[in-house]
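Encoded as structure tokens, the structure appears first; notes follow it.
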Protein chains: 2
Amino acid sequence: MSSPTPVRRGPGRPPRRAADGLETRSALIRCGTAVLTEKGFAAAGIDEVLRSVGVPKGSFYHYFDSKEAFGQAVIDHYAAYFARKLARCFEDRTLTPLARVQAFVDDACAGMARHDFRRGCLIGNLGQEMAVLPESFRARLEAVFADWQQRLAACLAEAVAAGELRAGADCDALAAFFWIGWEGAVLRAKLVRSAAPLRCFAAGFMAGLPR
Amino acid sequence: MSSPTPVRRGPGRPPRRAADGLETRSALIRCGTAVLTEKGFAAAGIDEVLRSVGVPKGSFYHYFDSKEAFGQAVIDHYAAYFARKLARCFEDRTLTPLARVQAFVDDACAGMARHDFRRGCLIGNLGQEMAVLPESFRARLEAVFADWQQRLAACLAEAVAAGELRAGADCDALAAFFWIGWEGAVLRAKLVRSAAPLRCFAAGFMAGLPR
DNA sequence: ATATTTCGAGACGGCCGGTCTAATATCTCC
DNA sequence: GGAGATATTAGACCGGCCGTCTCGAAATAT
């Protein structure tokens, strides 16, 4: 019997399938997200992504102008994914604001453990690589960090309103501080293959908050 | 007139010169430190180092078994250099213990600015790259971080003794927290090409210390 | 049915980077 | 002063990777 999705692979325009073009394209992006999150941009090869998805090289340059354009698409995809995750955590009304921050940390620990601490944060990876990256990445990466910072700052502002933080606390500065250090924690977690750095940083952050 | 050091370049055993082998070798390491600190290990090419030092490609494998071995040597060199810097800062009796930490931060800000925020921290760079690095690097990088943490913890212990920190403060945990987050700050400073993240993290760290 | 457009297969070129081998000049020791 | 040992290098090799190119076939329009 034939496979459930008889993916024709051979030259010629493929038979019409529901939004197949989008399927292929987004499969490439999804796989690329995993690969770039693990290896970074420069060290990752397009061929690896293609082989893993089962798409021939010729298709790639039909969907993307270049590796650089592909990277941009992957960043956008990751940013959207992460924004959803942050919204889920930081706007969860069933928890107190500070408990939401802790929930994010717990979620991140579980996430890294699930991939044996080989994958880190795509944005952090690429930020570290800026010296060897197309300059076009810089603005996009900065924008993503700005978004994260704003989301966390809003959550911290709720903490102030709820009396969990001292009135007058500088939520923006605290949020900036968190994300700056968090990337370091992710980096270290990859190195020691353990969630300890994530927990260490989170605990230190919580302990240092102005109550 | 001939150059002061008439470096013979051509096949054959070179004329005896005072420790020339060590000269060449350490020149490679010094240049490699700069390059790896900027680009990381995977993205850095040996050719670039060789060209920059004026050593032919064939020579490389006379001095090092492989790129991996070269990387190890560079790590060792960088670790020694950084240990000296930390000793200079953290054991400076002319400053209070906490002022020494701030002195290190100021020094680091100046250092990154001097290279236009293109160079970061070699150890952090390589840590981030672990997924695509020879496994042999892991232990060495961890050891370097452990050394840094211990040096900072000692300084913080002095701060406790001097009454700058609350008695009973967990200096080891605080030191671990600092280095975890600091690497994130360096990463971010490279991204935004500014010392602001370094200062933001340092300020947050200082503000959160138990007094 | 014919022409045109859309999509994909897979090979190819060019480049670059790490590694190895052979060759060569000097040193050392008899 | 000659012979072997040693230090250094030139250059070739191999493999990977990005990007391109041509061809082929299905879908769609006319």
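To find a chain, count down the sequence lines: A is the first, B the second, and so on, and within it residues start at 1. The figures that follow rest on heavy atoms only: side chains count, while hydrogens, waters and symmetry mates do not. The shown structure was predicted, so the numbers you read here are calculated from the model rather than taken from an experiment.
Pairs of residues two or more places apart, or lying in two chains, that qualify as salt bridge (charged side-chain N to carboxylate O under 4.0 Å, His left out) and include a residue from residues 136-146 of chain B are B:D76-B:R140, B:E135-B:R138. The salt bridge (charged side-chain N to carboxylate O under 4.0 Å, His left out) contacts involving residues 46-68 of chain A comprise A:K39-A:E48, A:D47-A:K57, where partners must be two or more places apart or lie in separate chains.
A salt bridge links B:K85 with B:D107: the closest approach of a Lys/Arg side-chain nitrogen to an acidic carboxylate oxygen falls below 4.0 angstrom.
Legend: residues meeting side-chain hydrogen bond (donor to acceptor under 3.5 Å, both in side chains) with B:S194, ordered by chain and number and at least two apart, are absent. Applying the ring pair (Phe, Tyr, Trp, His ring centres under 6.0 Å) test to A:F41 and every residue at least two apart in sequence or in another chain returns A:F137. With sequence neighbours excluded, the residues that form a ring pair (Phe, Tyr, Trp, His ring centres under 6.0 Å) with A:Y78 are A:Y81, A:F82. Residues passing the side chain to side chain contact (heavy atoms under 4.5 Å, CB included) test with A:A87 are A:E91, A:R151, sequence neighbours excluded.
Applying the 4.0 Å criterion to OP1 and OP2 of D:dT8, one finds that B:H62 has a side-chain N or O inside that range. A:T24 has a side-chain polar atom (N or O) that falls below the 4.0 Å cut-off from OP1 or OP2 of C:dG8.
Counting to the nearest Å, the C1' atom of C:dT21 and the CZ atom of B:F60 are 18 Å from each other. Per the geometry, CD belonging to B:E48 stands 15 Å off C1' belonging to C:dG18, to the nearest Å. In this structure, A:L50 atom CG and C:dA11 atom P are separated by 14 Å, rounded to whole Å.
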Side-chain donor/acceptor pairs under 3.5 Å, residues 169-176 of chain B, sequence neighbours excluded:
{"residue": "B:D170", "atom": "OD1", "partner": "B:D172", "partner atom": "N", "Å": "3.3"}
{"residue": "B:D170", "atom": "OD1", "partner": "B:A173", "partner atom": "N", "Å": "3.1"}

With the criterion being N/O to N/O and under 3.5 Å, what pairs connect the protein with nucleotides 13-18 of chain D, and how long is each?
{"residue": "D:dC18", "atom": "OP1", "partner": "A:A44", "partner atom": "O", "Å": "3.3"}
{"residue": "D:dC18", "atom": "OP1", "partner": "A:I46", "partner atom": "N", "Å": "3.4"}
{"residue": "D:dC18", "atom": "OP1", "partner": "A:K67", "partner atom": "NZ", "Å": "3.2"}
{"residue": "D:dC18", "atom": "OP2", "partner": "A:I46", "partner atom": "N", "Å": "3.0"}
{"residue": "D:dC18", "atom": "N4", "partner": "A:K57", "partner atom": "NZ", "Å": "3.4"}

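Residues from residues 127-137 of chain B that place a heavy atom under 4.0 Å from any atom of DNA chain C: there are none.
Checking D:dG19, D:dT8, C:dG8 against every side-chain atom of A:S66, the shortest atom distance belongs to D:dG19.
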